Each structure stands twice: as structure tokens, then as C-alpha cells.
Visitor: 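If you scroll down you'll find the structure; I have some questions about it.
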Amino acid sequence: AQLAGSAAGVGLIAGAKNERFSRFSGVEAGESSLFFGSSDGSGCERKRMTRADMSSRDAVREVLAATDIVDLIGSYVALKGAGGSRLKGLCPFHNEDTPSFMVNRDRQTFHCFGCDRGGDAITFIQEHEGLTFGETLQKLADRAGIRLPEWRGVGGGDDDLRKKLLEFDKFAAKFFRSTLQHPEQGKRGRDYIATRALKPETVEQFGLGYVREDWRSLLDAATRAGFNETVVEKSGLARRGEKGHLYDLFRNRVMFPIRDIAGNIVAFGGRDLGDSPAKYINSPENPVYKKSRVLYGLHEARGGLNRPAYAVLVEGYFELRRCVDSGIENVVATCGTALTVEQAALIKRYVPSVLVVFDGDAAGIKAAIRSVGVLTGAGLTVRPLVLPGGKDPDDYIRSAGRDEFLRLAEQASDFVGFYVDANEGRAETIEGRTEIATELFEILGHIQDGLRRDEYLKRLASELNLNAAKCREEYARY
């Protein structure tokens with residue numbers, strides 16, 4: 001991973017005599033001058049580094065020298081010896097059955113022969129966890145016990161702001177947690193959480209907190225801790241009123257930290273305990289939180305996703321926590337927002353298939369159907385499941401139990417069977433069956449694999465009692 005690649009387009013490149021470092025620098029080993037930019041023909045202008053940039057180069061070298069790529073990647077991927085200094089495993093960047101992901105201890109590099117991803121330790125963390133170059137360098141430095149020099153990292157002011165926002169979000173999570181645990185101030189929050197019958201360790205794992213009715217409780221705490229109003233406002237946890245005064249966005253709510261794939265707290269969700277018309281609200285988007293790129297619970301679920309080799313996708317916070325509380329660890333949530341292409345791609349990074357479990361009411365069924373097209377477009381195998389009695393996963397597991405939920409999950413059909421069952425009244429007429437077929441063509445259009453699409457067309461024809469050849473013909477015209 002050419003450090004040009006590691007720097008995510010910013011292009012921190014350094015020449016060095018060290019073969020391991022210069023291999024990714026884009027300059028010849030032994031070249032003494034240092035540059036910003038690309039030397040790989042990409043067209044990026046090369047600029048000579050300043051003294052501060054040289055310090056940055058030294059920091060990169062020190063971090064890479066202190067990081068063993070086998071130990072690092074081995075904490076994410078199960079690796080086995082492949083002869084000499086090489087190890088292999090299943091690629092974490094695409095789904096495969098036969099390992100094509102290689103790690104070389106001597107060269108301190110990785111390469112996948114399936115998807116052609118490759119690079120060094122910095123590149124691996126950047127691509128796997130979606131971090132900036134500066135964030136990646138800091139993460140690896142912390143892991144190695146190295147203190148980085150004070151320098152404006154790649155990205156300058158943007159990286160500085162991101163760092164301050166992450167620090168503030170971490171502070172806010174501790175503040176909400178301590179308020180929940182306060183004997184008097186947190187009683188209302190604790191009483192509500194008790195009604196959800198979650199185990200203490202689940203409450204602790206997801207960092208549940210509480211914020212009082214006050215208009216400035218978080219703001220005042222942030223001021224005392226030394227955070228300036230600009231950072232607090234940029235985080236979205238405070239808003240400015242008509243008269244220009246800041247006030248807390250979240251008031252009288254049970255609070256849920258939302259983490260990115262790297263485990264950083266980037267946003268919050270809050271459940272109202274009063275009479276607000278908005279039962280649940282989330283932080284607005286900001287420089288560290290893009291809701292289309294974050295799935296609630298994915299950071300916590302990473303270790304559990306590869307065991308059953310599929311993800312359970314639910315709609316809300318408590319649905320997810322109920323699953324985890326009952327021992328179902330391969331679960332992620334959309335937090336009440338429509339599933340995005342970016343979120344589907346995140347799931348595809350870890351598993352080949354998804355069980356979509358939304359509420360059993362009409363809105364839940366529509367949401368499940370809407371998600372199918374996005375997920376199939378990402379190359380995932382999709383099985384929707386609507387629970388009996390219109391219940392959501394939280395209610396169903398509490399009443400029927402974990403084992404019954406898993407039994408229904410195992411019996412869930414593919415999206416073709418689900419859609420036909422959901423429209424069984426219309427399927428009684430010729431017109432209805434042909435309409436259903438046309439609607440399914442819309443979903444099938446997202447599938448890039450021609451063989452898979454053809455098999456689904458056969459399934460569609462069988463479920464609707466239509467001629468398979470005619471279905472293919474009509475789909476080709478669609």
C-alpha cells in the first residue's frame with residue numbers, strides 16, 4: 001500500500017533506505033529527498049516536504065517499525081501458515097470460500113489475489129476501518145505505545161476537527177453514563193431501562209446513559225471540561241436558538257452511543273422519556289458521522305458475524321440489544337433509517353448473506369422489501385423474515401424466546417418466496433401474478449450475477465405458476 005494509497009489521496013510519500021518503507025513510497029530506495037504527491041503517474045503534483053513534514057515521515061517510519069503486520073491482521077483474520085514467512089486467510093474485503101489473502105511477515109505486507117487489495121499495516125487499517133490517514137497513524141501509535149509528535153497531520157484542519165469531535169463524543173458518552181448511574185439524577189433513566197429487562201452486562205456493553213430534562217446539562221459539563229462551544233455545536237449535540245444561545249439537543253432521554261466500524265463514538269441516539277412527539281432522535285450528520293455509512297452494532301458484531309456466516313438486520317436499538325442480550329451476536333441495526341448502498345457494502349465486507357427482520361406491521365413489511373433491492377445490489381443473499389403477530393424482534397424474543405426466534409430464522413425463505421407470500425391475495429388472479437412478477441423484476445435488476453438472476457427467475461416462475469421461458473423473455477424486455 002503505497003503510502004500514496006495509505007494517505008487516502010492526500011499522498012504522503014517518503015523515500016528511504018529502509019526497503020520495507022521505500023517499497024510503498026513510490027521512490028527508489030536510497031533516494032534522500034522527500035516529497036508530497038504521487039510518483040506513480042497519477043498526475044498528482046510532487047512538492048518538496050518541509051521540516052515538519054520530515055517529522056511526520058519519521059513518525060510513520062517509527063509506527064510501521066513497531067507494528068508487526070501478522071499480529072495486527074491476525075487480530076482481524078484467522079491466519080494459517082502458507083510456507084516460509086507467508087500466511088493466508090479469508091479476505092476481509094470480499095467474500096470467498098478459498099483463502100486468497102496473503103500476509104508476508106518479512107515484507108510486512110498483505111495482498112489479496114481475489115480482489116487485488118494490498119499494502120502495509122497503515123493501508124489495512126485505513127481500508128478495513130474507514131479511517132483517515134491521521135486517525136490510522138494515531139491508532140497504530142497508541143497500539144504500539146508510541147507518542148506521536150505534535151504535527152498537523154495529513155488533512156490539516158479537517159483532521160484536527162475530527163480529533164476534537166471524537167474526543168468530545170467520548171466525553172459526552174461518559175457524561176451520559178455517569179448521569180444514569182447517579183443515585184438521584186439517573187433514576188428516571190434506570191427505571192425505564194429496567195422495564196426493558198436487559199442484563200447489566202448488555203447495558204454496560206452498549207454504554208447506555210441518560211440525560212436530564214435540563215437545557216444545558218451537557219453544555220455546562222463540556223464547558224467545565226474545557227471544550228469550546230464551536231466543537232460542541234459542530235458535534236450536533238447542541239443547537240443554537242433564535243437568540244443565538246446554545247442548548248442541549250438531547251433532553252430527558254435514554255442515550256445510546258453510536259460507534260463507527262473502528263469503535264469510535266461518532267453520534268448518539270436518544271429515546272424520549274417524556275411526551276415528545278419524536279420518540280427516538282439521532283445526532284445530525286457532522287464531520288465524523290455520516291449516517292449512510294454507519295450501522296449500529298456493527299463494531300460490536302464483527303467477531304460474531306463469521307460464525308453463522310450471515311448477519312441479522314433489524315430496525316432499531318432495542319431490537320438489536322434484545323438479540324445480543326439473548327446471545328445472538330451476529331446482529332446490526334439501521335436505527336430507523338432507510339438502508340443505504342454504503343451500509344449494504346459494509347455488511348458484504350463481513351458476510352455473504354443477510355436475514356432481514358423488520359416489524360410485522362405493514363410499514364415493517366414495506367421496509368423489509370425496500371431493503372431487499374439494496375442488499376441484493378451489493379451481492380448479498382437476502383432472506384426476509386416478518387415475525388408472527390406483528391411483533392418486532394424485541395417483543396418476540398421476550399415472549400417466545402431465543403430458540404423460537406432462531407427456528408423461524410432458519411426457516412425463512414428467499415426474497416422471492418417472501419414477496420409472493422406477502423402478496424398472496426393478489427396472487428390469486430392472473431393479473432395479480434403478472435404484476436407481482438414485474439415488481440420482482442425491479443429487485444432482480446440489482447443482481448449483477450447472471451446465473452443467480454436466472455435461478456431467481458426460475459423460482460419466481462415456480463412460485464407464481466408462470467412459464468419460466470416467458471418470464472425470462474419478459475424480464476429481458478423490462
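A quick note: this is a predicted structure, and the numbers were derived from the prediction, not measured. The chain is numbered in sequence order, starting from 1.
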Visitor: Would you say Arg271 and Tyr192 are linked by a side-chain donor-acceptor pair, where the criterion is simply a distance under 3.5 Å?
Guide: yes
Visitor: Evaluate side-chain contact (heavy atoms from CB on, under 4.5 Å) for Tyr350 paired with Ile261, printing each intermediate quantity in order.
Guide: CA-CA 12 Å; Tyr350 294 96; Ile261 192 63; 3.2 Å; yes
Visitor: Using atom types as modelled and distance alone, determine if a side-chain donor or acceptor of Gln343 lies under 3.5 Å from a backbone N or O of Val294.
Guide: yes
Visitor: So Val103 and Val77, side-chain contact (heavy atoms from CB on, under 4.5 Å) or not? Walk me through it.
Guide: CA-CA 10 Å; Val103 182; Val77 179; over 6 Å; no
Visitor: Heavy-atom distance under 4.5 Å between the side chains of Leu339 and Val356, does that happen here?
Guide: no
Visitor: In the structure I gave you, are the side-chain heavy atoms of Leu72 and Leu140 within less than 4.5 Å of one another anywhere?
Guide: yes
Visitor: Before you tell me yes or no, could you show the steps for Asp325 and Arg322 under salt bridge (Lys or Arg N to Asp or Glu O under 4.0 Å), namely the whole-Å CA-CA distance, both residues' side-chain angles and the distance that decides it to 0.1 Å?
Guide: CA-CA 5 Å; Asp325 198 70; Arg322 176 61 54 205; 3.5 Å; yes
Visitor: For Phe250 and Phe176, take the angle between the two ring planes, folded into 0 to 90°, and tell me which bin it lands in: parallel under 30, tilted 30 to 60, perpendicular over 60.
Guide: perpendicular
Visitor: Whether the side chain of Arg190 engages the backbone of His182 through a donor-acceptor N/O pair (distance < 3.5 Å, no angle test) should be reported.
Guide: yes
Visitor: To the nearest 0.5 Å, what is the distance between CG (Leu165) and CD1 (Ile265)?
Guide: 13.0 Å
Visitor: Is any side-chain N of the basic residue among Asp220 and Arg224 closer than 4.0 Å to the acidic one's carboxylate O?
Guide: no
Visitor: Would you please test Arg302 and Glu129 for salt bridge (Lys or Arg N to Asp or Glu O under 4.0 Å) and show each step?
Guide: CA-CA 11 Å; Arg302 289 182 307 171; Glu129 303 197 356; 3.7 Å; yes
Visitor: Do Arg212 and Glu184 meet the salt-bridge criterion of a basic N to acidic O distance under 4.0 Å?
Guide: no
Visitor: Counting C-beta onward and ignoring hydrogens, is there a side-chain heavy-atom pair between Lys199 and Gln205 closer than 4.5 Å?
Guide: no
Visitor: Hey, does the side chain of Glu213 reach the backbone of Asn252 with a donor-acceptor pair shorter than 3.5 angstrom?
Guide: no
Visitor: When rounded to the nearest 0.5 angstrom, what distance separates CD1 in Ile125 from CZ in Phe133?
Guide: 13.0 Å
Visitor: Can you confirm whether Asp214 sits close enough to Asp248 that some side-chain heavy atom of one is under 4.5 Å from a side-chain heavy atom of the other?
Guide: no
Visitor: How long is the straight-line distance from CG of Leu219 back to CD of Glu233, given to the nearest 0.5 Å?
Guide: 9.5 Å
Visitor: Taking the six-membered ring of Phe256 (Phe, Tyr or Trp), confirm whether the NZ or CZ of Arg321 is under 6.0 Å from its centre and within 45° of its axis.
Guide: yes
Visitor: May I have the step-by-step check of ring pair (Phe, Tyr, Trp, His ring centres under 6.0 Å) for Phe93 and Phe124, ending in yes or no?
Guide: CA-CA 10 Å; Phe93 301 113; Phe124 179 83; 5.8 Å; yes
Visitor: Given side chains that start at C-beta, do those of Arg117 and Pro92 come closer than 4.5 Å, heavy atoms only?
Guide: no
Visitor: If the threshold is 4.0 Å, N to carboxylate O, is there a salt bridge linking Lys163 and Asp160?
Guide: no
Visitor: Atom NE2 in His299, atom CD1 in Ile258: separation rounded to 0.5 Å?
Guide: 14.0 Å
Visitor: First locate atom CZ of Arg253, then atom CD1 of Ile281, and finally report the distance between them rounded to the nearest 0.5 Å.
Guide: 4.0 Å
Visitor: Show the numbers, then the answer: is there a side-chain contact (heavy atoms from CB on, under 4.5 Å) between Leu375 and Phe415?
Guide: CA-CA 11 Å; Leu375 294 164; Phe415 69 87; over 6 Å; no
Visitor: Roughly how far, to the nearest 0.5 Å, is CZ of Phe168 from OG of Ser235?
Guide: 4.5 Å
Visitor: Do Ile397 and Ile328 touch side chain to side chain, with heavy atoms closer than 4.5 Å?
Guide: yes
Visitor: Kindly say whether Asp394 contributes a backbone atom to a donor-acceptor pair with the side chain of Asp392 at under 3.5 angstrom?
Guide: yes
Visitor: Check whether any side-chain N or O of Glu285 sits under 3.5 Å from a backbone N or O of Lys291 as a donor-acceptor pair, and report yes or no.
Guide: yes
Visitor: Just by distance, do the side chain of Thr376 and the backbone of Ile447 share a donor-acceptor pair under 3.5 Å?
Guide: no
Visitor: Counting C-beta onward and ignoring hydrogens, is there a side-chain heavy-atom pair between Trp215 and Arg251 closer than 4.5 Å?
Guide: yes
Visitor: Any side-chain donor-acceptor pair under 3.5 Å between Tyr317 and Asn282?
Guide: yes
Visitor: Could you walk me through whether Phe318 and Leu198 satisfy the side-chain contact (heavy atoms from CB on, under 4.5 Å) test, starting with their C-alpha distance in whole Å, then the side-chain angles of each, then the deciding distance to 0.1 Å, before giving a yes or no?
Guide: CA-CA 9 Å; Phe318 278 105; Leu198 293 173; 3.9 Å; yes
Visitor: Does some side-chain heavy atom of Phe171 sit less than 4.5 Å from a side-chain heavy atom of Leu218?
Guide: yes
Visitor: Per the side chain to side chain donor-acceptor pair (under 3.5 Å) rule, what does the pair list look like for residues 79-92, sequence neighbours excluded?
Guide: Ser85-Asn104, Ser85-Asp106
Visitor: Take atom NZ of Lys234 as the centre, draw a 6.0 Å sphere, and report whether it contains more than 12 heavy atoms from other residues, nucleotides or ligands.
Guide: no
